Each structure stands twice: as C-alpha cells, then as structure tokens.
Visitor: 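The following block contains the structure, expressed as structure tokens.
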Amino acid sequence: MPDQSIAAPVSAAIRGRLLSFHRPPAGPDDLDCLTYREDGLLLVGTDGRILETGDWADLRGRVPDGVTVDDHSGRLVLPGFIDTHIHFPQTQVIASYGAQLLDWLEKYTFIEEQRFADPTHAAANAAFFMDELLRNGTTTAVVYGSVHPQSVDALFAEAEARGAGLIAGKVMMDRHAPPALTDTAESSYRDGKELIGRWHGRGRQRYAVTPRFAITSTEAQLEAAGALLREHPGVHMQTHLSENTDEIAEVGRLFPGARDYTDVYDRFGLLGPTSLFGHCIHLSEAEMARLSESGSVAVFCPTSNLFIGSGLFDLDALSKPERPVRTAIATDVGGGTSYSMLRTAAEAYKVLQLRRQNLPALAALHWMTRGNAEALGMAGEIGSLEPGRWADLVVLDPAATPAMRHRMKAVDGDLEEELFIQVTLGDDRSVAATYLRGRNSHLRQTGA
Ligand code: GUN
Ligand code: ZN
C-alpha cells in the first residue's frame, strides 16, 4: 500500500477500463506491452498529475469525501492522443478540392493564411481549433501557426486558458509566397526569439522553430532558424520534407549545392532529436541514414498523403533495425482530412496495406499516445497513465455508433480485436470525454 501520508491530495477520480502502454508492442498480440485494468480507478492530484492507478476494488477507499468519481465503467480510458503535425490556420482549408501540394498551397493555403494577420480572426480560430482537438480526444498537439507572430500568441493563449500544452511556432517563409505572407530572415529571427521568450516553458507551452519548407525559405532564413535552435536548447524544430515529387525537384533546383533534400536542412543545423520532419515519403537510403544518425523524427501524415496524392509512407524502410529512423503519426490538417487520431490511424493502416506492411491496433494506439510522446521527448510528462504524468485522458466508447455496437457483439472478450474495431471504425463519435489535468474538458453531448 502506498504511504497515504505523503500523497498529494486527490482532486479527481476517474473509473473505467484503464489502458496504457509501457513499450511498443513486439507483435499484434503482444499484450505484455501494456497495462490494462478492466475495472480501474485513476486518482488525480491537485496539481493535475496522475497520483495513482489501480483496481477499483483496491483504490476506491482513497477517494476523499467531496470528490465525485467520474464513472466511465465499460469505456476505455487512455492517455490523451498526441497529434505531432497540424496547421492551425488551415481549419478552413481542410477539404479543398483537386490539387496536389504546390498548387494546393498556392490556390488555397496561401490565400487563407493571410487572414491570420488579424488577431480577432486568429483568436476565434484558436478557440475553434482547441474545441476540435478536445472533441477528438487530442490533448497535446505540435502546431504550425501562420507567418504572423500574433497567430501563435492567440493559439498559445487559448491553450493556456484551457490547461492544455501545445508545441507551436510561427511559420518562417521569406520567398515564393504572396508578399502579405512573407517575412524576412531578420524579422523571422527576431519574432521567433520574442515568441520563445514569451511562451517557451511558460506553464505547459513549448516553442517549435518552424521554417515552412525549403522552397519558401532562403539560405539566410534557414541559417536564422539554425541560430534560433542553437541559442535555445530544448525548443523543437518542425518543417516539411520529401512530401511530393514536384516539390523535391524544385528543392533540387533551388539548392544545387545540396546532396539531397535532407541535406538542405542538415547544412543549417536543423537535424536532431528535437526535429520533426513532416511526410518523409520519398527519401533515399542516404537521407534515411542521416535522419537516423541525427535522431530526427519522420512524421507520418496518412490522410494528408492520400488526400493531396503525395505518396505512401514506407514505415518498414524507415524502421530498418540497423538504422532506425524515429517516427511519429499526425493528422496534418488541413492537407489532412480529419482531426481524429483514430481516423488517422485507420488511414495509416490502409497506406501500409498498400505497402504490404502492417499496423496492428496495439501499435496504432501506442503510436498516438506513448510513441508520439517519446518522439517529442516528453514521455515523462504525457502519453501514459503512469504516476507523475499529466492527467490528460481520452475516454473511448466501444459502441459509439450503430455499426460499432453491432460489430462489437461479435467480439468474444478479445481486447486486441475490440481495439482494432475501435481504431478502424472510430472517430470523434468514439470520444465520450476528454480530460486535461484531470478536469473534464469535453463531454460528448449526444449518444449514437
Ligand atoms: N509543405 C509546405 N507547407 C505545407 C502545408 O501547409 N501542408 C503540407 N501538407 N505540406 C506543406
Ligand atoms: Zn504540414
């Protein structure tokens, strides 16, 4: 029994089917990679962190008078989902028809993002964005702002007001975009430094230096991004890499001295363990070796890769045991078509099927929780239900829709099968509730 005299006071208690990973699964049926309690209780301290988890029967006596147990019996309680690549100014770009990457950017994205110069517009969209993340059970996200620093201020302020932690940055882009959407190497450095000073490490917020991609940054700007990273250890870096074949050809023309696309970023010190590279679809062996050696992270964005027709992420090639590249999974809204990490994982499964590769449900759920936390270097804070982690939780209903309820009737107590159905058919309707720091931040309004 834990020593109750030294435990922080309990401020919330959540009952349900607790499920948390402590390592990646070795195969589709490797249930030893997780801790599962059919009737569990999770206690939250007054600081918003997980105090303890256990069986309801053992822990129920620890719930103090005055604390009401949130009873989710029959529902799964997991660590909140983590989205490692999403664009805040693209909530009204999502579902834009008929273009591949470079045309899609020009025709839709670079028009819409100009509106985020207006702080009122940015604030309204930040509220919508956070609502949508929480409705989908996402409690942490790594976010691209627009080029305007005020867009990132609006986003961080909204996250802070809700008790959520974001990793976000102002996009740096000083060429090949409309004048209203470009900064300069100097101004992007200055704005980045100010934003880091204002937000990085303030409560749960963290900064990501965010050069959009090689096409929209001059060498001087990539140099400035490298300087920001060097001068502020611990900040993240995010950009796009090797998404689309026309993009790759254009990068080759713009940087004739570089060995390949990855080398463009490498030359400016942008690779490393806190660096996240969206897409990474068409990489050469040499590029994968360099990403592996530097500890960089390749971010799989399946709904986006399918929707903008970019290509099929090659998980096996990236994961070769002799030079594994760290990976993460993400929605990439608005190139991506869903805010739901469940939908994202379902599309990842299909992409990998086309590659003759596998994505078992355990691997998918590990990826969107602990796996993404490890990719961010934040497994000590989020991504599991271990004591000391933030009590950021998602509660999943196994019978959220008629189709799910009907299909689940054919499951005879097989947890792996149930989880596969949840990942394949689930979406925002599966999310019965979302918690931030042990506080209910979203409760689904209607049953299916
Ligand atoms: N490459 C550069 N900018 C973007 C973007 O906004 N979305 C995607 N999917 N790729 C990009
Ligand atoms: Zn993106």
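FYI, side chains are in, hydrogens and waters are out, and symmetry mates aren't considered; it's all heavy atoms of this structure. Source: prediction; values computed, not measured. Both counts, for ligands and for their atoms, begin at 1 and track the order of listing.
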Visitor: By the definition side-chain hydrogen bond (donor to acceptor under 3.5 Å, both in side chains), identify the one residue from S310, S338, S304 that meets it with D332.
Guide: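 Between D332 and the candidates, side-chain hydrogen bond (donor to acceptor under 3.5 Å, both in side chains) is satisfied uniquely by S304.
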Visitor: Need the ligand 1 atom indices (1-based, order shown) with element for anything under 4.0 Å from a heavy-atom of H279.
Guide: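 Near H279, the atoms of ligand 1 are 9 (N).
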Visitor: What do you reckon, does Q90 have a nitrogen or oxygen under 3.5 Å from a nitrogen or oxygen of ligand 1?
Guide: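 Yes.
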Visitor: Verify the distance test for E243 against the Zn ion (ligand 2): any N/O/S atom under 2.8 Å, yes or no.
Guide: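 It does not; every qualifying atom lies at 2.8 Å or beyond.
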Visitor: Among protein heavy atoms, which lies nearest atom 1 (N) of ligand 1, and at what distance?
Guide: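 Looking at atom 1 (N) of ligand 1, the protein heavy atom closest to it is H240 CG, 3.4 Å.
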Visitor: In D332, which N, O or S atom comes closest to the Zn ion (ligand 2)?
Guide: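 Of the nitrogen, oxygen and sulfur atoms in D332, the Zn ion (ligand 2) lies nearest to OD1.
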Visitor: Under 4.0 Å from ligand 1, counting heavy atoms only, is it the side chain of Y108, its backbone, both or neither?
Guide: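 Neither part.
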Visitor: Under 3.5 Å, is there a donor-acceptor pair between the E112 and Y108 side chains?
Guide: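 Looking only at side-chain atoms, Y108 and E112 do not form any donor-acceptor pair under 3.5 Å.
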Visitor: Could you tell me whether E106 atom CD has more than 12 heavy atoms of other residues or ligands within 6.0 Å of it?
Guide: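 No, not enclosed.
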Visitor: Tell me, which protein residue and heavy-atom name are nearest atom 3 (N) of ligand 1, and how many Å apart are they?
Guide: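 Looking at atom 3 (N) of ligand 1, the protein heavy atom closest to it is R212 NE, 2.8 Å.
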Visitor: Got an N/O contact under 3.5 Å between W104 and ligand 1?
Guide: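 W104 vs ligand 1: no N/O contact under 3.5 Å.
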Visitor: When F88 is tested against each of F116, Y339, F128, Y144 for ring-ring contact (aromatic ring centres under 6.0 Å, His included), which residue passes?
Guide: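 Only one option passes, and that is F116.
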Visitor: Starting from atom 10 (N) of ligand 1, find the nearest protein heavy-atom neighbour and note its residue, name and distance.
Guide: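 Looking only at protein heavy atoms, the one closest to atom 10 (N) of ligand 1 is E243 OE1, 2.7 Å.
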Visitor: Does any N, O or S atom in C301 come within less than 2.8 Å of the Zn ion (ligand 2)?
Guide: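 No - counting backbone and side chain alike, C301 has no N, O or S atom under 2.8 Å.
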Visitor: What angle sits at the Zn ion (ligand 2) between NE2 of H87 and NE2 of H85, to 10°?
Guide: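 About 100°, to the nearest ten degrees.
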Visitor: For the residue pair F313 and W367, categorise the inter-ring angle as parallel (less than 30°), tilted (30 to 60°) or perpendicular (more than 60°).
Guide: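 Tilted: the ring planes of F313 and W367 meet at 30° to 60°.
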Visitor: For W199, does the six-membered ring have the charged nitrogen or CZ of R206 within the cation-pi criterion, i.e. under 6.0 angstrom from the centroid and within 45° of the normal?
Guide: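 Ring-cation test returns no.
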Visitor: Please report the shortest heavy-atom distance between P211 and L222, naming the atom on each side.
Guide: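 P211 and L222 have their closest heavy atoms at CB-CD2, 4.1 Å.
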Visitor: Would you check whether Y144 reaches within less than 4.0 Å of ligand 1, judged by its heavy atoms?
Guide: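 Y144: no contact with ligand 1 (<4.0 Å).
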Visitor: Which is it for T216 and ligand 1 at heavy atoms under 4.0 Å: side chain, backbone, both or neither?
Guide: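 For T216, no heavy atom sits under 4.0 Å from ligand 1.
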Visitor: Is it the case that the side chains of T331 and D83 hold a donor-acceptor pair, with the cut-off being a distance below 3.5 Å and no angle test?
Guide: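 Checked: D83/T331 side chains pair up, N/O donor to acceptor below 3.5 Å.
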Visitor: Please verify the inter-ring angle class for Y265 with F277; under 30° counts as parallel, over 60° as perpendicular, anything in between as tilted.
Guide: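 The rings of Y265 and F277 sit tilted, inter-plane angle from 30° to 60°.
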Visitor: Please work out, at 4.0 Å between heavy atoms, whether the side chain, the backbone, both, or neither of I215 comes within that distance of ligand 1.
Guide: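 Neither; nothing of I215 gets under 4.0 Å from ligand 1.
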Visitor: For Y261 and E287, run side chain to side chain contact (heavy atoms under 4.5 Å, CB included): C-alpha distance rounded to whole Å, both residues' side-chain angles, the deciding distance at 0.1 Å, then the answer.
Guide: CA-CA 8 Å; Y261 195 165; E287 291 179 282; 3.7 Å; yes
Visitor: D332 heavy atoms, cut-off 4.0 Å: which ligand 1 atoms fall inside?
Guide: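 Here the atoms of ligand 1 in question are 8 (C), 9 (N).
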Visitor: Does E247 have a heavy atom less than 4.0 Å from any atom of ligand 1?
Guide: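 No, that is not the case, since the closest heavy atom of the residue is not under 4.0 Å from the ligand.
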Visitor: Regarding ligand 1, does E113 bring an N or O atom to under 3.5 Å of one of the ligand's N or O atoms?
Guide: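 No, since none of the N or O atoms of E113 sits under 3.5 Å from an N or O of ligand 1.
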Visitor: Distance under 4.0 Å to a non-hydrogen atom of H87: what atoms of ligand 1 satisfy this?
Guide: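 The list of qualifying atoms is 5 (C), 6 (O), 7 (N).
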Visitor: With H236, which of T274, V297, L229 fulfils side-chain contact (heavy atoms from CB on, under 4.5 Å)?
Guide: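 That would be T274; it is the only one of T274, V297, L229 passing the side-chain contact (heavy atoms from CB on, under 4.5 Å) with H236.
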